Amino acid sequence: MSVATHWGSYVAVVDSGRLVRIEPSDDDPNPSPIGPGMVAAADDGARVLRPAVRKGWLNGEPRARDSARGADAFVEVSWDEAITLVSDELRRVRSHHGDSAVFGGSYGWASAGGFHNAQGQLHRFLALGGGYTDSRNTYSTAALEVILPHVIGGHPWSYLSRMPMWDEIAENCELVVAFGGLALKNSQINPGGLARHRTRNLQRQCREAGVRFVNVSPIRSDTAGFLDAEWLPVIPNTDTAAMLGIAHTMLVNGWHDEDFLRRCCVGFDRFASYLVGELDGIRKDAAWAAEITGISREVIVDLARRLTTRRSLIMVNYAVQRADHGEQPIWMSVVLAAMAGSMGRPGCGWGAGYATMDATGVARGRPFVASVPEVSNPVPDFIPVARITDTLLHPGETIDYDGRRLTLPELRLIYWCGGNPFHHHQDLHRLSRAWQRPDTVVVHEAWWNTTAKFADIVLPVATTLERDDFAAGLSDPHLVAMPKVREPAGESRTDHRIFAALACRLGYEQAFTESRSEIEWVRHLYEETRARLGGEAALPSFDDFWRSSTAELTASPRPIPGSFESLRSDPQGFPLPTPSGRIEIFSEEIDSFGYDDCAGHPKWFEPVEWLRADLSGRFPLHLISNQPASRLHSQYDNGDHSLRSKIRGREPVTINPSDAASRGIEDGMIVRVHNDRGGCLAGAVLSDDVMPGVVQLSTGAWWDPVQPGLSGTLDRHSNPNVLTADRPCSRLSQGPSALSALVDVEVYGDAVPDVLAFVPPDLEQ
């Protein structure tokens, strides 16, 4: 049987109804090792097998500020009782506090599948019931999503089809400068599914074609070894300063593309005044940039020369914008590409997020594929996704967001289905305090992870192996059948079945289900896709597809809206969807907002926490909490592949040997990573792949506080978000700034506690 996941497609081997193993598909040249680890996790001790209600919540009236969430025992109940409790609580909250008091928390990847999409199912259910407060943007790319529509126009994600593809880079480009690197570990995944991995081989083709790569990152291994990349270790959070130094060098030497800047951009004159110091008396030259970034003046000058004399491509990865003033490196990278002379030329210019997902730079998109029908949300209220803690702690306060003033709603019921806020969010101790505020937290979960343990009502859900669906990944030209491999564990049900039961109690079952069973929905969505694409000429019948496991989508060539090549050739005939129709080096709209932390053009803003800050005297190491190689975010942290990557049950923290030596740290030691926000245990790995002054600890370990609810308590299990700051990038995007965090590391001298992250809470019948 075929199995589709965000990290690839596999074949499940089943014997007498028992899942034996999961094998990679034969035609995947670089399968992810995450998939086979799903087998052990499917039946491990952390599975949620029956509906469960937190004991304190069940014994008393629902109330705000109950400090027992996260530490309480649970009582297992019948499905009928669970459905009654949830439906009654939804009625009560809507009746007493309004529909905006319900938060539809579904952020994250959940699992692949067009029908069993957790976010789609939850939002459809809540919208039909009266509405809910939604969230806007993503933890991954919030700053990018807000700034790019101002600078290049279009939908926040339209850049994915407008930037060069890998095959075009191989054919046309000579030099790639990657700010934030090109970590191949991230290209294991693709939203919605993936038939086969192609990024690694396409990168190899670029190198074999003679393309040279420069890795501007604190971490050498952020590019694959076979690329032979030149490594420029840069002080974290200073990419904007590096780009400004390069830009100044281009300008004063007359190397910049005056023709493109004049015809295809607006505001360069005002930006140039900033570069040369007319506005603040500071020349943003190579020497200035070298002092900030740690990259030498000579290297900055040489990089400016190479970018303007070779067919070049400037890449910027998502990590650089998850930081203080994260909008600036995104904006500045576009400006630098416009200056360099290659913008709008085949295979050159600018792009973002390469290697972050396998489809990025592989394909410009795929044809239409039907999904769960959306229902308009009657509630207009929303919050920026990374401001959930602020909302819970400070309802009624106002914040800026992209030129608007938002009033933070009072949330009385959190309904979470898909994703793990105790993985994504920053400063988990602050989040855990805020999480006590709502009356009720309802969570759909397959495992007793931190989010489930911090809930009031936990409803057990089937995994991707336990339901029928089909996958259609972002830009991936394939549909992959996902027949149910096994029956759901224990009493778990699909999200859809749970919502259908709740909708029945609340009086709108028919509107929610449209009188279709789950397999009828899967067939309906496939046939809708088939009809829209031309019937038999495009796709086989559903029965044939279900038997053969895959079907290929044939995309017809179409113009690329907002193409930089078209802009270069004819800016009047092919304007960008910006106010000026051109690239906005200076944005009159952003300038009109009057924000002190995001001006009308890209600027250098000193981060709150970085290696030149006063705080570095106490916490002299910059923490890079990047994406893990052994799982997708926190998914399958209990899987075999993730567990094998740990050191004595802890996540590896990579530290430069010079920093380790001064602290008496040796390979394999358990260390405490800490700052004023908290501390966690990790296993030390010594490597000169990270520059001195930097430590790297991946996200995704299930948070395991020694004393849940006690602020600052030690995390036994290496979640870096006990250390990161819950501080917005700026007033423009309100995005997360997780990669602006200072820490120190020390040998842990006490007895090392057992990891309890995968142990369920106390359960009573």
Side-chain angles (χ1 to χ4, degrees), residues 42-60 62 72-94 102 104-106 110-111 113 115-118 120-122 124-126 128-129 413-418 439-449 451-469 484 486-513 515-521 760-765:
D43 290 308
D44 73 8
R47 277 303 295 262
V48 183
L49 298 175
R50 283 167 287 281
V53 183
R54 187 170 63 81
K55 189 174 182 179
W57 188 95
L58 188 63
N59 291 342
D72 210 350
F74 281 78
V75 178
E76 294 184 326
V77 299
S78 68
W79 267 110
D80 184 67
E81 184 175 358
I83 295 298
T84 298
L85 290 171
V86 175
S87 57
D88 286 352
E89 184 63 357
L90 278 166
R91 283 196 192 95
R92 185 192 70 82
V93 170
R94 291 187 189 277
V102 177
S106 181
S111 57
F115 175 63
H116 290 291
N117 176 285
Q121 293 285 345
L122 173 66
R124 178 178 169 83
F125 165 74
L126 292 178
L128 287 169
L413 187 150
I414 293 177
Y415 205 130
W416 209 279
C417 173
D439 295 355
T440 303
V441 178
V442 181
V443 168
H444 291 199
E445 252 305 336
W447 288 277
W448 282 106
N449 60 18
T451 300
K453 292 175 181 177
F454 272 80
D456 297 311
I457 302 174
V458 181
L459 304 179
V461 291
T463 70
T464 189
L465 301 171
E466 298 165 346
R467 59 199 186 200
D468 293 316
D469 209 337
K484 182 165 60 176
R486 46 169 279 167
E487 291 302 314
E491 297 178 16
S492 57
R493 299 179 177 181
T494 64
D495 295 313
H496 179 80
R497 185 180 172 193
I498 295 169
F499 288 132
L502 288 167
C504 180
R505 293 288 181 92
L506 295 168
Y508 55 93
E509 179 185 18
Q510 201 283 327
F512 179 75
T513 66
S515 300
R516 294 189 184 96
S517 67
E518 293 184 1
I519 190 60
E520 287 171 342
W521 264 112
D762 291 337
L763 297 172
E764 301 178 7
Q765 299 296 320

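Values below: all heavy atoms of this structure, side chains included; hydrogens, waters and symmetry mates excluded. Computed from a predicted structure; not experimentally measured.
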Student check: side-chain heavy atoms of [X] and [Y] closer than 4.5 Å:
{"X": "Phe125", "Y": "Leu90", "value": "yes"}
{"X": "Leu85", "Y": "Leu58", "value": "yes"}
{"X": "Phe499", "Y": "Thr513", "value": "no"}
{"X": "Glu466", "Y": "Thr463", "value": "yes"}
{"X": "Trp57", "Y": "Thr440", "value": "yes"}

Heavy atoms of other groups near Lys484 NZ, more than 12 under 6.0 Å: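 Atom NZ in Lys484 is crowded, with more than 12 foreign heavy atoms closer than 6.0 Å.
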Atom CZ of Arg124 with >12 non-hydrogen neighbours under 6.0 angstrom: yes
If I compare all heavy atoms of [X] with all of [Y], which pair ends up nearest, and what's the gap?
{"X": "Glu445", "Y": "Val443", "value": "CG-CG1, 3.7 Å"}
{"X": "Pro51", "Y": "Ala82", "value": "CB-CB, 3.7 Å"}
{"X": "Ala503", "Y": "Phe512", "value": "CB-CB, 4.0 Å"}
{"X": "Pro760", "Y": "Ala46", "value": "CG-CA, 4.3 Å"}
{"X": "Gln510", "Y": "Ser515", "value": "NE2-OG, 3.3 Å"}
{"X": "Ile498", "Y": "Ile83", "value": "O-CD1, 4.2 Å"}

Electrostatic pair Asp456:Arg54 at N-O distance under 4.0 angstrom: yes
Presence of salt bridge, Asp439 and Arg92, under 4.0 angstrom: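 A salt bridge links Arg92 with Asp439.
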To the nearest 0.5 Å, how far apart are [atom1] in [X] and [atom2] in [Y]?
{"X": "Asp495", "Y": "Cys417", "atom1": "CG", "atom2": "SG", "answer": "3.5 Å"}
{"X": "Thr451", "Y": "Trp416", "atom1": "OG1", "atom2": "CH2", "answer": "7.5 Å"}
{"X": "Leu506", "Y": "Leu128", "atom1": "CG", "atom2": "CG", "answer": "11.0 Å"}

Parallel, tilted or perpendicular: ring planes of Phe115 versus Trp521, cut at 30 and 60 degrees: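 Ring orientation, 0 to 90° scale: parallel.
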Distance-only polar pair, side chains of Glu518 and Thr494, donor-acceptor under 3.5 Å: yes
Side chain Arg50, main chain Val77, donor-acceptor under 3.5 Å: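 Side chain of Arg50 to backbone of Val77: no pair is present.
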Ring centre gap for Tyr415 and His444 strictly below 6.0 Å: yes
Sole candidate of Val53, Val458, Val48 that passes side chain to side chain contact (heavy atoms under 4.5 Å, CB included) when paired with Phe74: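 Passing option: Val458.
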